[in-house]
Amino acid sequence: MTNSESAPVEFDVSKPSISRVYDALLGGKDYYPSDEHVLEHLRETMPEVDELAKLNRAVLGRGVRYLAGVAGLKQYLDLGAGLPTMENTHQVAQSYQPDAQVVYVDNDPIVLAHGRALLGENGLTRVITADLRDPAAVLAHPDVQKMIDFSQPVAIMLVGMLHHLHDDEDPEGVVDGYLDAVPVGSHLFITHFLHTGDESRALERSFLDFLGTGRFRTREEILRLFRGCELVEPGLVPLSHWRPDGIVRDKLTLVEEIIVGGIAVKS
Ligand SMILES: C[S@@+](CC[C@H](N)C(=O)[O-])C[C@H]1O[C@@H](n2cnc3c(N)ncnc32)[C@H](O)[C@@H]1O
């Protein structure tokens, strides 16, 4: 379904949704009892879990600032985009590159429902409902074909997303599917839950049991997602250390340690 279709979007609220749970952790109010159940369990396991979402959302803004302001990219494929909130990709990118084109992709129809309001603000963006595990189908989507020129560098964004793919869903293969379609000079932006030991394992259990997804991978596993690309400074680091706006304490809190990210350039 594309934004051009005006039929009401329907979504199932009896099951928890990754996008609604994440949005609730960020302080949003569009959640339902099924999501609340997940939120309660996550907060019971780790009371600071809301901070995990906030760290992720904050680095998304800083990352896009880098992609648009430093790397000068004008095309963005935001995969697993989530509900519109503060500092959305198109707003940040277009403040540096006014003609930047952004396609938001999410498999949760609620994102399209909310995205329509956001699209009213800006003609250079599209929201599509599609499953990012099928790169060929996403890349062939008419809105992607219309908005993205695959002869020019593209920002492939998988922010807060790949940990929601199970190992048997081949996250590395999914990343390759997108990277293979874009030219040298394109960038890959990933943030990911990090396995650090017993604490991260307990939170992983909670995510898997109550939300159904949420893999905490090792640093080596996450680095493999970037293969074929060169990480820009400061590399793959805890999000608080990725080009922070202010001074960061050396000693990170547990929640700061369990989420990492980086941006790499296809070379
Ligand atoms: C935690 S949110 C991250 C949102 C945003 N990228 C951010 O970092 O602020 C993950 C999003 O990925 C979406 N998602 C999960 N699996 C997906 C799939 N197979 N295809 C497309 N989107 C998916 C969820 O619906 C959710 O909106």
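Sequential numbering from 1 along the given sequence is applied to the chain's residues. Predicted, not measured: the structure shown is a model, and the values here were computed from it.
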Can you sort out the partners of T218 under side-chain hydrogen bond (donor to acceptor under 3.5 Å, both in side chains), two or more places apart, ordered by chain and number?
E221
Heavy-atom check, side chain of N56 versus side chain of Y22, under 4.5 Å:
yes
Main-chain N/O of V111 paired to D108 side chain as donor or acceptor, under 3.5 Å
no
Check: E257 and P238 side chains under 4.5 Å, non-hydrogen atoms
no
Consider only side-chain heavy atoms of I, L, V, M, F, W and Y, link residues closer than 4.5 Å, and tell whether L231 and L225 are in one cluster.
yes
Is there a donor-acceptor contact under 3.5 Å from the side chain of T191 to the main chain of G160?
yes
Chi angles and distances behind the salt bridge (Lys or Arg N to Asp or Glu O under 4.0 Å) call for R20, D30:
CA-CA 7 Å; R20 292 195 307 259; D30 286 313; over 6 Å; no
Under a 3.5 Å distance rule, please check whether K29 uses its side chain to pair with a backbone N or O of A24 as donor and acceptor.
no
Partners passing salt bridge (charged side-chain N to carboxylate O under 4.0 Å, His left out) against K146 (at least two apart in sequence or in another chain):
none
Main-chain N/O of F216 paired to H163 side chain as donor or acceptor, under 3.5 Å
no
Find out whether L60 and R57 are in side-chain contact, i.e. whether some heavy atom of one side chain is under 4.5 Å from a heavy atom of the other.
yes
Once you round to the nearest 0.5 Å, how far does CZ of R249 lie from NE2 of H241?
8.5 Å
Distance col, row Q91:CD vs T85:OG1, nearest 0.5 angstrom, shows 9.5 Å
Applying side chain to side chain contact (heavy atoms under 4.5 Å, CB included) to M46 and L254, what does each step give before you reach the verdict?
CA-CA 10 Å; M46 189 175 288; L254 171 64; 3.7 Å; yes
Tell me if the centroids of the rings in H37 and F210 come within less than 6.0 Å of each other.
yes
Short side-chain to backbone donor-acceptor contact, Y178 and M157, under 3.5 Å
no
Supply the atom-to-atom distance E204 CD to D209 CG, rounded to the nearest 0.5 angstrom.
10.0 Å
Please determine if D176 and R227 form a salt bridge, counting it only when a charged side-chain N lies under 4.0 Å from a carboxylate O.
yes
Taking the inter-plane angle between the rings of F189 and W242 on a 0 to 90° scale, is it parallel (under 30°), tilted (30 to 60°) or perpendicular (over 60°)?
parallel
Backbone N or O of V13 within a donor-acceptor pair of the S34 side chain at under 3.5 Å?
yes
Let me see the working for D167 and E169 under side chain to side chain contact (heavy atoms under 4.5 Å, CB included), right down to the final yes or no.
CA-CA 5 Å; D167 294 349; E169 294 175 306; over 6 Å; no
Do H187 and Y66 have a side chain donor and acceptor closer than 3.5 Å?
no
Side-chain heavy atoms of D78 within contact of V105, under 4.5 Å:
no
Verify whether one side chain among D149 and Q152 offers a donor that lies under 3.5 Å from an acceptor in the other.
no
Hphob cluster co-occupancy, V144 + L124, side-chain heavy atoms under 4.5 angstrom:
no
Non-hydrogen side-chain atoms of F226 and I190 separated by less than 4.5 Å
yes
For D143 and I128, indicate whether the former's side chain and the latter's backbone hold a donor-acceptor pair under 3.5 Å.
no
Any donor-acceptor N/O pair, E87 side chain to A58 backbone, under 3.5 Å
no
If hydrophobic clusters are built by linking Ile, Leu, Val, Met, Phe, Trp and Tyr wherever their side-chain heavy atoms come under 4.5 Å apart, do V232 and V237 end up in the same one?
yes
With distance as the sole test, does R217 use its side chain to make a donor-acceptor pair with the main-chain N or O of L162 at under 3.5 Å?
yes
Give, for atom CG of L73 and atom CD1 of I156, the distance between the pair rounded to the nearest 0.5 Å.
10.0 Å
To the nearest 0.5 Å, atom OH of Y104 lies from atom CE of M147 at 10.5 Å
Check: V154 main-chain N/O paired with S186 side-chain donor or acceptor under 3.5 Å
yes
Might you work through the side chain to side chain contact (heavy atoms under 4.5 Å, CB included) test for D106 and L112, ending with a clear yes or no?
CA-CA 8 Å; D106 206 287; L112 176 64; over 6 Å; no
Is M86 linked to V102 within one hydrophobic cluster, defined over Ile, Leu, Val, Met, Phe, Trp and Tyr using a side-chain heavy-atom separation of less than 4.5 Å?
no
Find the distance between OG (S200) and CZ (R205) and round it off to the nearest 0.5 Å.
12.5 Å
Shared hydrophobic cluster, V70 / V92 (ILVMFWY, side-chain heavy atoms < 4.5 Å):
yes
Ignoring hydrogens and geometry beyond distance, is a side-chain donor-acceptor pair present between S240 and E256 at under 3.5 Å?
yes
Residues two or more places apart in sequence or in another chain: which of them pass side-chain hydrogen bond (donor to acceptor under 3.5 Å, both in side chains) with D245?
R65
